[in-house]
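Source: prediction; values computed, not measured. Numbering of ligands and ligand atoms starts at 1, following listing order.
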Amino acid sequence: MSFADNLASLQTRIAAACQCAGRPPASVRLLAVSKTMPVERLREAIVAGQRAFGENYVQEALEKIAALGGEGLEWHHIGLIQSNKTAEIAAHFDWAHGVDRLKIAQRLSDQRPAGRAPLQVCVQVNISGEASKSGCAPTEALALCRSVAALPGLRLRGLMALPAPAAASTDPRAPFRQLRALFEQARSSGLALDTLSMGMSDDFEAAIAEGATLIRVGSALFGARAGKPAPQA
Ligand SMILES: *Cc1c(COP(=O)(O)O)cnc(C)c1O
């Protein structure tokens, strides 16, 4: 299947999930997760109309950004943010979804080049069953959001989570519902958030049902990643 075919069938599924949830299809943005995919596959995606790309590994992303340019494209860093990578992320990305502690947020803000719009960020929350070790505790999320919102080089857009695949016995929507509840709590406390970054190839329909505004989809668009284990952040 070509990227264009995969994109078309994904868009049909997104529209159906939105309809079930009583939401307009335009309320969900699609981030194409292109980690490990070569530049030619991204070119194919661009021709098919995709503009927003998610990458986990900074060096790999910088090569793609250099090859494809920033013009009209939007680059999202979606993985774990190491301190020694903040300068490159601040200089070359438009978004960072994995902000999970103040020290990282401060470095990204300080290192954002003066000529660029603030880096758009999501605070990553480790809701129960998070597939990775990253993400702040739910009880710390609001305080972190307030601190991040005050940093001049950043623009806080919302919350992100990467729940572990649900066990058959558990409610697959529960982690998404928890993140949504935190999001609503943050908004009612006065934070101007508009992005709920949750849902991937295997669970985006559940995430849309619970209010996701941005889904991060890799393998359902590009096909399986060779030799790479499950998502890492
Ligand atoms: C790899 C990754 C995705 C995409 O995963 P798929 O299962 O291929 O859709 C989404 N989010 C994060 C943080 C990832 O690391």
Side-chain angles (χ1 to χ4, degrees), residues 1-3 5-14 17 28-38 41-42 44-45 48 50-61 64 74-82 85 89 93-101 104 108 119-136 141 157-167 172-173 175-176 178-179 195-233:
M1 290 275 271
S2 70
F3 183 93
D5 291 335
N6 290 342
L7 180 62
S9 66
L10 186 64
Q11 278 164 343
T12 304
R13 287 174 64 192
I14 293 170
V28 178
R29 289 194 66 199
L30 173 61
L31 180 63
V33 175
S34 47
K35 63 183 172 201
T36 79
M37 295 298 155
R41 298 299 311 282
L42 279 81
E44 198 192 333
Q50 183 64 32
R51 292 289 173 269
F53 294 95
E55 293 277 341
N56 295 49
Y57 312 107
V58 173
Q59 289 321 313
E60 182 193 330
K64 294 175 188 174
E74 209 175 82
W75 295 98
H76 293 235
H77 187 270
I78 59 172
L80 171 71
I81 304 176
Q82 291 162 332
K85 296 285 196 269
I89 293 171
F93 283 82
D94 302 293
W95 283 68
H97 292 236
V99 173
D100 64 356
R101 51 199 194 279
I104 291 292
L108 289 170
L119 180 69
Q120 330 239 16
V121 301
C122 290
V123 161
Q124 184 178 350
V125 184
N126 193 329
I127 40 180
S128 58
E130 193 84 351
S132 71
K133 299 282 177 289
S134 47
C136 71
R157 295 293 298 268
L159 301 180
M160 180 270 211
L162 178 58
R173 284 167 57 168
F176 298 132
Q178 282 176 42
L179 193 70
T195 302
L196 200 44
S197 168
M198 59 187 193
M200 309 188 290
S201 294
D202 291 335
D203 57 13
F204 69 86
E205 281 140 332
I208 288 172
E210 295 297 343
T213 68
L214 184 154
I215 57 174
R216 309 178 308 267
V217 178
S219 46
L221 280 172
F222 290 102
R225 288 180 291 276
K228 290 280 172 180
Q232 289 270 323

Participant: Walk me through it: do W75 and F93 pass the test ring pair (Phe, Tyr, Trp, His ring centres under 6.0 Å)?
Facilitator: CA-CA 5 Å; W75 295 98; F93 283 82; 7.3 Å; no
Participant: Please classify the K35 to ligand 1 contact at 4.0 Å (heavy-atom distances, strictly less than): side chain, backbone, both or neither.
Facilitator: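 The answer is the side chain of K35.
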Participant: Within a distance under 4.0 Å of any heavy atom of I78, pick out the atoms of ligand 1 and give their elements.
Facilitator: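 It comes down to these atoms of ligand 1: 11 (N), 12 (C), 13 (C), 14 (C).
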Participant: Consider only side-chain N and O atoms of R216 and S197, and report whether a donor and an acceptor are under 3.5 Å apart.
Facilitator: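 A pair is found: one side chain offers a donor N or O, the other an acceptor, under 3.5 Å apart.
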Participant: Near V217, which atoms of ligand 1 are under 4.0 Å from a heavy atom of that residue?
Facilitator: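 That gives atoms 9 (O) of ligand 1.
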Participant: How are the rings of H76 and H97 set to each other: parallel, tilted or perpendicular (split at 30° and 60°)?
Facilitator: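 Rings of H76 and H97: tilted, as their planes differ by 30° to 60°.
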Participant: Look at K35 together with E60 and state whether they make a salt bridge at an N to O cut-off of under 4.0 Å.
Facilitator: no
Participant: Tell me if a side-chain donor or acceptor on D100 pairs with a main-chain N or O of C136 at a distance below 3.5 Å.
Facilitator: no
Participant: With respect to atom 8 (O) of ligand 1, which of R216, R225, M160 exhibits the smallest heavy-atom separation?
Facilitator: R225
Participant: Going by the order shown, which atoms of ligand 1 are within less than 4.0 Å of some heavy atom of N56?
Facilitator: 14 (C), 15 (O)
Participant: If you measure every N/O of G218 against every N/O of ligand 1, is any gap under 3.5 Å?
Facilitator: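 So ligand 1 has an N or O lying under 3.5 Å from an N or O of G218.
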Participant: Given that the side chain starts at C-beta and the backbone is N, CA, C, O, which of these parts of D202 lies under 4.0 Å from ligand 1, counting heavy atoms, or is it both or neither?
Facilitator: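 It is neither part, as no heavy atom is under 4.0 Å.
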Participant: Do any N or O atoms from the side chain of K64 and from the backbone of S34 form a donor-acceptor pair under 3.5 angstrom?
Facilitator: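 Side chain of K64 to backbone of S34: a pair is present.
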Participant: Find all atoms of ligand 1 within a distance of less than 4.0 Å from any non-hydrogen atom belonging to S219, and give their numbers and elements.
Facilitator: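 Answer for ligand 1: 6 (P), 7 (O), 8 (O), 9 (O).
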